Amino acid sequence: MCSSDLPATIPDPPELVELLKALSVGALTADARAAFAPAVPLSSSVALDVRTQAFHRVPGGHTDPMLEKAQPRQASADALVAPLRSPQNLLHAHADPATLLPTPGYDVHFIVDFGIETIGYLEFTVDAPAGTVIDMQAFETITPWGISWMTHNGFRYTCREGLQTFTSHHRRGFRYVSVTVRDFDRPLQWYGLRCRRAAYPVQRTGSFECSDWQLNQAWRMSVETAALCMLDTYVDCPGHEQSFWVGDAPITSLANLLNFGAYDLDQRSTRLVGLSLTPEWVNEYCPTDERYTSGRYLPTACFPNYPEGGLPMWPLLWLIQCWHHWLYGADRNDLKENYGYMAEMLRRCRLLTNERGLLDIPGAWNLLDWGNNDLSPYGEVTANNMHVVLGLRLAARMARDLGKSDEAAALETEADGHQTAINRLCWDEERQGYVDTVRDEWAYRRYLEFAATKGWTPWTWEQFRACRRVSEQTNIAALYCGCVPPERQAAVLHIARRVELGRFVGGSPAGRTVGAPSEQEAPEGIVALGTLYFLFFALDMLFE
């Protein structure tokens with residue numbers, strides 16, 4: 001809703017008029033300077049105030065059935081009447097506002113459903129008495145267990161006298177807004193609650209339609225979600241961190257390239273990751289860390305410099321994004337630039353490859369999915385190595401498209417050698433699948449050296465060996481990255497296709513038990529997918 005839709009009667013505050021006319025702060029009167037005094041943060045939590053308040057149902061009130069079941073409203077006194085009049089006007093700015101009536105001893109509470117997830121700045125216009133307190137808490141879902149509150153997603157506004165418009169200072173992602181209005185002693189006129197959307201401006205250039213209405217709806221929902229995760233870079237989600245997690249970006253990137261064609265944003269995100277390989281980046285963020293100053297690190301996993309130690313899988317997935325950027329229509333300038341970044345990252349991978357021919361990064365945060373995988377901050381992680389193979393082959397394709405045939409041949413030869421090492425060391429013949437992390441005697445000696453540097457009390461060989469696990473994630477990665485020889489295809493596919501059961505077991509590598517997993521952690525002895533995130537790669541693998 002644009003500003004021209006607001007009531008034409010809103011006057012400019014006199015202090016704002018004075019501010020716009022002043023040539024310097026010194027030219028302002030003392031009263032005007034006081035009006036623009038910095039806000040003082042309050043210690044109280046809006047989320048806590050909203051979650052702990054008691055709710056009453058008054059005659060004419062309505063509650064979402066799931067909320068009524070999970071968080072029943074208390075019976076109201078007979079004297080209470082519905083405090084909200086003309087609620088249909090809450091989301092529209094016009095001359096006929098919604099009206100909130102004061103009820104002594106009670107606050108007014110209502111929830112507004114915007115109908116779809118959105119992102120931007122909450123804004124409202126009210127005519128209220130001075131001292132009226134408006135608490136807003138935005139959230140995304142109402143579940144059978146009630147509201148899933150987002151504790152970082154609210155604010156408190158205290159009104160001055162009269163007609164006023166407030167625009168929140170923080171960009172939020174949400175579908176619903178819980179509103180509590182307190183401490184007002186005359187009818188309050190509400191002229192509109194809106195969200196000023198703030199995301200990258202995209203245009204639908206791709207489309208999809210089929211005979212299955214559910215699939216059509218899923219496509220629309222997914223494309224809209226991708227658009228909400230496109231800000232000045234790709235971000236992991238609209239409603240929580242809004243951070244540029246490099247491993248989340250390739251999925252949103254693919255949705256962008258196929259549906260919006262915003263190549264400039266895609267190249268900006270790709271470039272930011274590549275620039276984390278430069279001396280300038282090291283001098284800015286890690287000037288005294290020997291690992292970074294020596295160049296023995298991979299690109300950042302969360303821009304600009306998080307997490308400590310790196311998260312190898314995320315920049316390995318970024319290699320796929322670099323390829324997709326070229327595959328789906330970028331120009332040759334981008335191809336040349338991104339190939340340079342990829343070549344440098346793959347050179348770093350060689351520095352971090354051990355004498356057995358496998359990537360091995362002590363101190364890394366190894367993660368595939370939020371599942372119960374056997375992953376620790378040490379060791380030869382199978383999926384990491386498989387994605388090195390895929391990255392080498394994608395870089396070879398890009399080199400060939402640039403006319404660098406000798407480099408392409410060298411990259412393909414390197415990929416074949418790396419794949420051979422994986423199939424020699426990462427395969428469990430007894431379980432007929434690839435293990436998450438190699439746990440043989442050589443790896444145990446390497447682990448003891450790492451534990452000594454950390455001051456850990458090391459596991460025994462039996463404890464170390466017992467942690468070995470086979471997972472859906474690693475075996476999906478084996479097929480996705482093209483690392484499975486023909487004689488093992490059927491066995492690996494048998495593990496990978498367990499995802500068709502629709503079984504998810506959430507967890508984390510850090511929270512897994514030591515030793516053989518329980519049935520709860522790993523149904524039938526195989527670690528299951530933990531999130532829908534990894535299902536993207538599973539689906540791609542199944543299509544192949």
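Model, not experiment: these values are computed from the prediction.
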Check your understanding: Between Y176 and W149, does a ring-ring contact (aromatic ring centres under 6.0 Å, His included) hold up when you go through it step by step?
Key -> CA-CA 10 Å; Y176 304 93; W149 293 106; over 10 Å; no
**Study point:** Pair Y434-N423, side chain to side chain donor-acceptor pair (under 3.5 Å): steps then yes or no
**Key:** CA-CA 8 Å; Y434 292 96; N423 279 289; 2.4 Å; yes
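A salt bridge links R220 to E209: one of the charged nitrogens lies within less than 4.0 Å of a carboxylate oxygen. Using a 4.0 Å cut-off between charged side-chain N and carboxylate O, E521 and R512 make no salt bridge.
Both the sub-6.0 Å distance and the 45° axial angle are satisfied by R73 relative to the ring of F55.
Counting non-hydrogen atoms of other residues, nucleotides and ligands closer than 6.0 Å to CD of Q520 gives a total of 12 or fewer. Heavy-atom neighbours of R497 CZ from other residues, nucleotides or ligands within 6.0 Å: at or below the threshold of 12. Shown here is Q203, whose CD atom has no more than 12 heavy atoms of other residues, nucleotides or ligands within 6.0 Å. The number of heavy-atom neighbours closer than 6.0 Å to NE2 of H152, taken from other residues, nucleotides and ligands shown, is above 12. Residue H170 qualifies as enclosed at atom NE2: its count of foreign heavy atoms under 6.0 Å is above 12.
Note that NE2 of H324 is 10.5 Å distant from CG of D266, once rounded to the nearest 0.5 Å.
E414 pairs in a side-chain hydrogen bond (donor to acceptor under 3.5 Å, both in side chains) with only one of the listed residues (R393, Q419, R350), which is R350. The side-chain contact (heavy atoms from CB on, under 4.5 Å) with C426 is formed by just one residue from the set T382, V381, T474; it is T382.
The aromatic rings of F110 and W190 sit perpendicular, their planes meeting at an angle over 60°, well past the 30° parallel limit. Under the 30°/60° scheme for interplanar angles, the aromatic rings of F124 and Y157 are found to stand perpendicular.
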